[in-house]
Amino acid sequence: MTRRARALATAVLPLAVLAACTSSVEGAASPATTPEPSPSTTAAPDTTEPNIDVTPPPPRGVGLLLEAHRIASVTALVETSFPDRTETCFPAGPTTSPGGLEGTYFTAGTASEIVERWGFVTAWGQCNQTADGTYGTITLVMELSDPESAARAAEELVAAQAVDGYEEVPIDADGGALLLTQGSDATVQAFVPVGRMVAYVFHEGPAAAAGDDLTRLLTDQVGLLEGFTPTPQADVPALPTDPDGLQDLTLDPPGEFNDFSGPYDFEGYLRIAIDPARERELLGGNGFAGFYAKQSDDGSTLFAVAVYRFGSIDQTNAVYDGFAELESTAFGGTPFVLPAIPEAPCFVFDAGSAGFYQRCYVGFRTQLASVDVGGLTAPDDYARMNELLPAQRDLIDD
């Protein structure tokens with residue numbers, strides 16, 4: 001089950017906790033239809049001569065989202081570093097413009113001009129919090145022009161974030177960090193360049209552990225980035241929109257696609273999974289061979305359709321059964337019988353004020369598909385699922 005679909009049932013961190021962060025998702029682009037990401041609202045860049053040749057970012061287009069999905073694979077999973085932060089939150093996911101980056105993650109006037117000046121390409125973020133919402137953590141990876149630009153951007157971003165009580169503190173790494181202490185708790189931020197990438201972390205916790213926590217986060221994040229090769233800017237527009245051949249097998253849901261739509265490799269998929277640890281074991285142990293998602297909003301209704309490919313029929317069946325078990329146990333779903341396909345594993349979740357959402361599975365040979373319908377006013381409103389699940393089954397049953 002993907003994060004975006006489950007967001008209806010997930011609390012977001014309070015604005016006071018995440019400074020200027022919001023829970024919005026930028027843009028409504030989709031690799032399935034190749035529209036451009038949402039336009040930037042960035043102010044005019046600083047015209048100060050940077051003294052190095054900054055490579056211009058790729059033209060706006062779907063390639064920026066595809067590159068962001070690549071970056072997802074090397075954005076540290078918060079719950080790997082801090083297993084107590086089990087609840088997903090926002091901001092998270094792709095950000096394709098300097099203005100969108102600032103509006104989502106940073107205080108106004110502290111980031112967009114800096115990253116634009118240093119050739120911002122695109123970014124991906126993760127967000128998790130403790131079950132009671134007391135502490136939250138964000139990991140964010142930004143792609144810049146070149147290594148020197150990334151180093152200078154990290155330095156300037158640290159200086160720009162030294163507001164609202166944050167003070168710069170030394171760290172045993174390139175880049176820099178900031179600390180805000182409030183009684184026995186502390187919030188730390190850090191920006192570390194790794195090649196063309198800048199890793200950003202935002203972490204809340206007990207003040208006594210702040211140094212060790214930051215070291216743990218940065219070690220995990222930098223380790224992932226050291227093995228990553230960003231796409232050359234000129235090649236970003238030509239990134240494949242359907243590397244696994246699953247786009248046409250994935251049903252187009254109603255409404256307007258969001259930026260989570262598109263292909264993901266295995267590690268990228270785990271960044272939108274509800275339970276990365278369990279799903280790593282289940283999917284990784286059964287020949288995961290591709291994944292494509294289409295997510296959309298149609299008024300107050302949310303839709304998510306996903307198709308997985310595995311190495312054999314037996315592996316597909318194992319994941320089909322495994323997901324059904326996870327839905328009713330770890331994810332807390334209530335099983336129901338869908339009139340259109342009574343044998344399909346189907347589950348409904350109570351999302352409180354966001355209504356109810358349903359998820360059903362169908363499989364055929366090496367393909368497994370899931371369909372979500374959210375924002376329902378009644379748990380037994382099967383009208384849309386009765387329509388969508390058979391249509392999705394027919395696509396993979398050809």
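FYI, side chains are in, hydrogens and waters are out, and symmetry mates aren't considered; it's all heavy atoms of this structure. Counting from 1, the numbers follow the sequence of the chain as shown.
In this model, no donor atom of one side chain and acceptor atom of the other lie less than 3.5 Å apart for Asp298 and Thr301. A side-chain N or O of Ser73 and one of Asp265 form a donor-acceptor pair less than 3.5 Å apart. Asn128 and Thr88 are not linked by any side-chain donor-acceptor pair at a separation below 3.5 angstrom, with hydrogens and angles left out of the test. Of the N and O atoms on the side chains of Trp124 and Gln126, at least one donor lies less than 3.5 Å from an acceptor on the other residue. Of the N and O atoms on the side chains of Tyr308 and Tyr269, at least one donor lies less than 3.5 Å from an acceptor on the other residue. Side-chain polar atoms of Asp314 and Ser312 form no donor-acceptor pair below 3.5 angstrom. Under 3.5 Å, the side chains of Thr110 and Gln161 contain a donor-acceptor pair of N or O atoms.
Contact annotation: the side chain of Asp275 approaches that of Phe331 to within less than 4.5 Å [non-hydrogen atoms, C-beta and beyond]. The shortest distance between side-chain heavy atoms of Tyr135 and Pro206 falls below 4.5 Å. Between Asp164 and Thr107 there is a side-chain heavy-atom pair separated by less than 4.5 Å. Looking at Leu66 and Pro263, their side chains come closer than 4.5 Å, going by heavy atoms from C-beta outward. At least one side-chain heavy atom of Val141 sits under 4.5 Å from a side-chain heavy atom of Leu225.
When all heavy atoms of Phe303 and Pro254 are compared, the pair lying nearest together is CD1-O, 3.7 Å. Asn286 and Ala318 get closest at one heavy-atom pair: OD1-CB, 3.4 Å. Between Thr366 and Ile313, the shortest heavy-atom contact is CG2-N, 4.2 Å.
No donor-acceptor pair under 3.5 Å is formed between the side chain of Ser370 and the backbone N or O of Val307. For Gln129 (side chain) and Gly136 (main-chain N/O), no donor-acceptor pair under 3.5 Å exists by modelled atom type. A donor-acceptor contact shorter than 3.5 Å is absent between the side chain of Gln315 and the backbone of Arg309. Between the side chain of Thr80 and the main chain of Ala76, no donor-acceptor pair closer than 3.5 Å is present. In this structure, Asp244 contributes its side chain and Leu246 its backbone to no donor-acceptor pair below 3.5 Å. Under the 3.5 Å distance criterion, the side-chain polar atoms of Thr316 are matched with a main-chain donor or acceptor of Arg365. The backbone N or O of Asp235 sits nowhere less than 3.5 Å from a side-chain atom of Thr231 that would complete a donor-acceptor pair. In terms of modelled atom types and a separation under 3.5 Å, the side chain of Ser145 and the main chain of Val54 share no donor-acceptor contact. A donor-acceptor contact shorter than 3.5 Å links the side chain of Gln221 to the backbone of Val74. No donor-acceptor pair closer than 3.5 Å links the side chain of Thr137 to the backbone N or O of Val78.
Below 30°, between 30° and 60°, or above 60°: for His69 and Tyr264 the angle between ring planes is below 30°, a parallel geometry.
Glu67 has a carboxylate O that lies under 4.0 Å from a charged side-chain N of Arg70, or vice versa, which qualifies the two as a salt bridge. Ion pairing between Arg152 and Glu156 fails under the 4.0 Å rule for side-chain N and carboxylate O. Salt-bridge annotation for Glu267 and Arg280: present, with a side-chain N of the basic residue lying under 4.0 Å from a carboxylate O of the acidic one. Salt-bridge formation is detected for the pair Lys294/Asp252: a Lys NZ or Arg NE/NH1/NH2 atom is positioned less than 4.0 Å from an Asp or Glu carboxylate oxygen.
Between Phe356 and Phe349, a ring centre-to-centre spacing not shorter than 6.0 Å is recorded. Taking the six-membered ring where the residue is Trp, the centroids of His203 and Phe82 are separated by under 6.0 Å.
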Query raised in the report: side-chain contact (heavy atoms from CB on, under 4.5 Å) between Leu326 and Phe347: does it pass, once the steps are laid out?
Result: CA-CA 11 Å; Leu326 284 175; Phe347 305 85; over 6 Å; no
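Around CD of Glu343, the count of heavy atoms belonging to other residues, nucleotides or ligands within 6.0 Å exceeds 12. Counting non-hydrogen atoms of other residues, nucleotides and ligands closer than 6.0 Å to CG of Asp172 gives a total of 12 or fewer. For Glu325, the CD atom counts as loosely surrounded, since its 6.0 Å shell holds 12 or fewer non-hydrogen atoms of other residues, nucleotides or ligands. Heavy atoms of other residues, nucleotides or ligands lying less than 6.0 angstrom from CD of Glu155 number 12 at most. In Arg216, the CZ atom is crowded: over 12 heavy atoms of neighbouring residues, nucleotides or ligands sit closer than 6.0 Å.
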Distance-only criterion, 3.5 Å: show the donor-acceptor pairs between side-chain atoms of residues 373-386 and protein atoms not counting sequence neighbours.
unit_1	atom_1	unit_2	atom_2	d
Asp381	OD1	Ala383	N	3.4
Asn386	OD1	Ala340	N	2.9
Asn386	ND2	Tyr382	O	3.4

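At a threshold of 4.5 Å between side-chain heavy atoms, the hydrophobic network of Ile, Leu, Val, Met, Phe, Trp and Tyr places Leu144 and Ile52 in one connected group.
Under the ring-ring contact (aromatic ring centres under 6.0 Å, His included) criterion, Phe191 pairs with Phe106, Tyr200, not counting sequence neighbours.
The salt bridge (Lys or Arg N to Asp or Glu O under 4.0 Å) contacts involving residues 192-203 comprise Glu143-Arg196, where partners must be two or more places apart or lie in separate chains.
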